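Okay, structure first, notes after.
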Amino acid sequence: MNEIRVRFAPSPTGYLHVGGLRTALYNYLFAKKNGGKFILRIEDTDRTRYVEGAAEQLLDTLKWTGLEYDEGPDKAGDFGPYTQSERLDIYKKYALELIEKGKAYYAFDTPERLQELRDYQYANKLQPKYDKLALNLTKEEVNEKLKAGEPYVIRLNVPENERIIAKDLVRGLVEFNTDIIDDQVLMKSDGFPTYHLANVVDDHLMGISHVIRGEEWLSSLPKHILLYQYFGWEIPEFAHLPLLLNPDKSKLSKRQGDVAVEDYKNKGYLKEALVNFVALLGWSTSDNREMFSLEELVEEFSIDRVHKSGAVFNIEKLNWLNAEHLRKKSNEELTNMLRSEYDKSRFAEIEVSDKYLSQVVEAMRERVSFVNEYIEKSPYFFERPTEYDQAVLQKRWKEDSSAFLKAYADKISEIENPTKEDYDHILHQLAEEWQVGIGKVIHPLRLALSGVGIGPGMFDLAFILGKNEVIARINLAIEKIKI
RNA sequence: GGCCCCAUGGUGUAAUAGGUUAACACAUCACCCUUUCAAGGUGGAGAGUACGGGUUCGAUCCCCGUUGGGGUCACCA
């Protein structure tokens, strides 16, 4: 029995794409479910796209998601290094081996000639492919050019008209003809390998048993198969995951919304929600269950329940999942989260106790989807109303509201430490005395205390604010609201 | 355009040995609960499974074609 080893192999271009997160997640789930290893490999073979610090950020973000890898750039294993730019000699060696075998060859074409060739082919509606011109060079000519230091690339020597049948765990058998495959560059003139070479060499050397990656790679699968065959290596299992889509069904892109995991993190999304959500984009259980923790996903995951078609990234469902996961958290956890949010807010200067924050958490629990909403939706827990909602004021504030609230404040002031029940009972008593319905007085009270017409339970609000604050806010409202 | 992949309500999915009034969730609407807003509950609207053939007693499900969508065609991954 071969060990199950899978890898997530992102290119460090500056951030972790949510599609990348989904790919990483499925790899992780597959590995954990089957007692295998999950490896992280950095594919930084494109020097033109080098971004300072990008790899580090990628690692940080991946760690935030909780998808812990068994081997990676900063986690030693037996197959390192795990960063491709540190493996250049290896690729060189294998490229030369291919040349030895006649399966690859040196090419010295200038970019200009290549461009002309492409232009010509395009104008004549031909398949854009390298014309194998360099294959006409004799061994001596090649050696001379190499000796002269002419820039070169190494190309894959693709045979004519051969069928390549590949097995994909998601799609079944997929067939290609080599005629449509270009003599792909394997080694670039800067001495770096292209994805195709590096990927195959590393997957083999690192003992990767299953290649789980995005569907955008499906069309280059035959090139990879060819490489495995030429090297005489065992071909791993492949699974090409359906793409994540924009609302217009095109491949998920920056232009139509946030695609970076960092964006969601910064907006206050829970990693639990993001992971749960992204898991459901292309996979499901037979009972259509929606809520999963990472551990539960590991338990339930199965690669043969991965779908074939792309899935639209529907942010509203993500929001719902975020609210669900948020509500499941303990008061203590939420209080801690609110604390750090509070310390970043405009109220940071004003001291509040954890006890106070925990009361806010309980009062607002069912009313928020994001942690920062504890502050944004109910700032009145932290500051006195600066204005009063006009619509509510017109609808709820009557001529006798001021007088009633004054009486209420007086009663409250007589109680030493009013409980939530006290606020409740006194209001009811007073309403009875004045012979008005409770609804008629409770709304002005809410308006006085919060400035708005919506919010948590009225008496929770009063109790959390405390006696002095309640009285002060009532007086403030009486003074400010004139009708 | 060539090649490859895909196709169930607006969105994500279920219906996997072909037989269901095509199910669930999000979103949406209404009602209930209620001091407000949420949450929760109940119900509604929304697909006859892209279309057309075929196989079959019977197709969402199997086969073929069409249409539509997507991916990919670099010294980027």
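Model, not experiment: these values are computed from the prediction. So that the names make sense, note that chain A is the first sequence line, chain B the second, and so on, each numbered from 1.
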Rounded to the nearest angstrom, tell me the gap between atom CZ in A:F313 and atom P in B:U13. 13 Å
Of all pairs that satisfy ring pair (Phe, Tyr, Trp, His ring centres under 6.0 Å), the ones with a partner from residues 159-197 of chain A, not counting sequence neighbours: A:Y195-A:W217, A:Y195-A:H224, A:H196-A:H224
Tell me, what's RNA chain B's dot-bracket, Watson-Crick or G-U with both distances under 3.5 Å, | for other-strand, [ ] crossing? (((((((..((((.....[...)))).(((((.......))))).....(((((..]....))))))))))))....
For atom CZ of A:F292 and atom P of B:G12, their distance in whole Å: 18 Å
State yes or no: are the ring centers of A:F292 and A:W283 separated by less than 6.0 Å? yes
Sub-6.0 Å ring centroid separation between A:H210 and A:F30: yes
Rounded distance (Å) that lies between atom P of B:G1 and atom CG of A:N124: 18 Å
Among pairs that include at least one residue of residues 440-462 of chain A, which meet ring pair (Phe, Tyr, Trp, His ring centres under 6.0 Å), considering only residues two or more places apart or in two chains? none
Take atom P in B:C61 and the same atom in B:G19, then report the distance between them in whole Å. 11 Å
Should B:G58 be called syn or anti, with syn set as within 90° of 0? anti
Can you give me every donor-acceptor pair (side chain of residues 6-21 of chain A, partner residue at least two apart or in another chain, under 3.5 Å) with its distance?
residue : atom : partner : partner atom : Å
A:R7    : NE   : A:D203  : OD1          : 2.8
A:R7    : NE   : A:D203  : OD2          : 3.3
A:R7    : NH2  : A:D203  : OD2          : 3.0
A:S11   : OG   : A:E43   : O            : 3.4
A:H17   : ND1  : A:G19   : N            : 2.8

Reading nucleotides 18-36 of chain B 5' to 3', which nucleotides get B (base under 4.0 Å from a protein heavy atom), which S (sugar-phosphate only), which -? -----BBBSS-------BB
Please tabulate, one pair per line, each protein N/O and nucleotide N/O from nucleotides 47-51 of chain B that are separated by under 3.5 Å, including the distance.
none

Sequence neighbours excluded, which residues qualify as side chain to side chain contact (heavy atoms under 4.5 Å, CB included) partners of A:D183? A:Y105, A:Y130, A:K132, A:R155, A:N157, A:V158
Could you tell me the separation between the CZ atom of A:R22 and the CG atom of A:N27, rounded to the nearest 0.5 Å? 10.5 Å
Nearest 0.5 Å, what's the CG-CD1 distance between A:L29 and A:I303? 9.5 Å
What is the distance from CG of A:N161 to C1' of B:C3, rounded to the nearest Å? 14 Å
B:G43 and B:C33: how far apart are their C1' atoms, nearest whole angstrom? 15 Å
Length of the CD-C1' vector between A:E362 and B:A38, whole Å: 14 Å
On a whole-Å scale, what distance lies between the P atoms belonging to B:A74 and B:A17? 44 Å
Not counting sequence neighbours, which residues clear salt bridge (charged side-chain N to carboxylate O under 4.0 Å, His left out) with A:E300? List them please. none
Taking atom P of B:A14 as reference, at what distance in whole Å does atom CH2 of A:W283 sit? 10 Å
Heavy atoms under 4.0 Å, any strand shown: does A:R289 hit a base, just sugar-phosphate, or nothing? nothing
Using atom C1' of each nucleotide, how far apart are B:U8 and B:C51 to the nearest Å? 15 Å
Short side-chain N/O contact to B:A15 OP1/OP2 from A:R305, under 4.0 Å: yes
Considering only atom C1', compute the distance from B:C75 to B:G70 and round it to an integer number of Å. 27 Å
Mutual orientation of the aromatic rings belonging to A:Y26 and A:F301 [parallel < 30°, tilted 30-60°, perpendicular > 60°]: tilted
For this output row, return yes or no: ring centroids of A:F277 and A:F313 closer than 6.0 angstrom. yes
In whole Å, what separates the C1' atom of B:U13 from that of B:A27? 15 Å
Please report the distance separating the C1' of B:U60 from the corresponding atom of B:C6, rounded so that it comes out in whole Å. 16 Å
Provide, to the nearest angstrom, the distance between the CG atom belonging to A:L173 and the P atom belonging to B:C5. 10 Å
For A:E175, all residues meeting side chain to side chain donor-acceptor pair (under 3.5 Å), sequence neighbours excluded: A:R163
Before you tell me yes or no, could you show the steps for A:E324 and A:E290 under side-chain contact (heavy atoms from CB on, under 4.5 Å), namely the whole-Å CA-CA distance, both residues' side-chain angles and the distance that decides it to 0.1 Å? CA-CA 11 Å; A:E324 290 291 309; A:E290 311 262 18; over 6 Å; no
OP1 or OP2 of B:C5 versus the side-chain N and O atoms of A:H240: is any pair under 4.0 Å? no
Annotated protein contacts, base or backbone, on nucleotides 64-77 of chain B with a non-hydrogen cut-off under 4.0 Å, one of B, S, - each: -----SSSSSSBBB
Toward the 5' end of RNA chain B, by each residue's nearest nucleotide, A:V368 or A:E175: A:E175
So, using side chain to side chain contact (heavy atoms under 4.5 Å, CB included) as the criterion, who are the partners of A:E162 when residues are at least two apart? A:P159, A:T178
Integer-rounded Å distance: B:C4 C1' and A:R171 CZ: 10 Å
Would you be so kind as to tabulate the donor-acceptor pairs closer than 3.5 Å made by side chains of residues 48-55 of chain A, with sequence neighbours excluded?
residue : atom : partner : partner atom : Å
A:T48   : OG1  : A:D46   : OD1          : 2.5
A:T48   : OG1  : A:D46   : OD2          : 3.3
A:R49   : NE   : A:D46   : OD2          : 3.4

Can you check the distance between B:C24 and B:A15, where both ends of the measurement are the P atom (answer in whole Å)? 14 Å
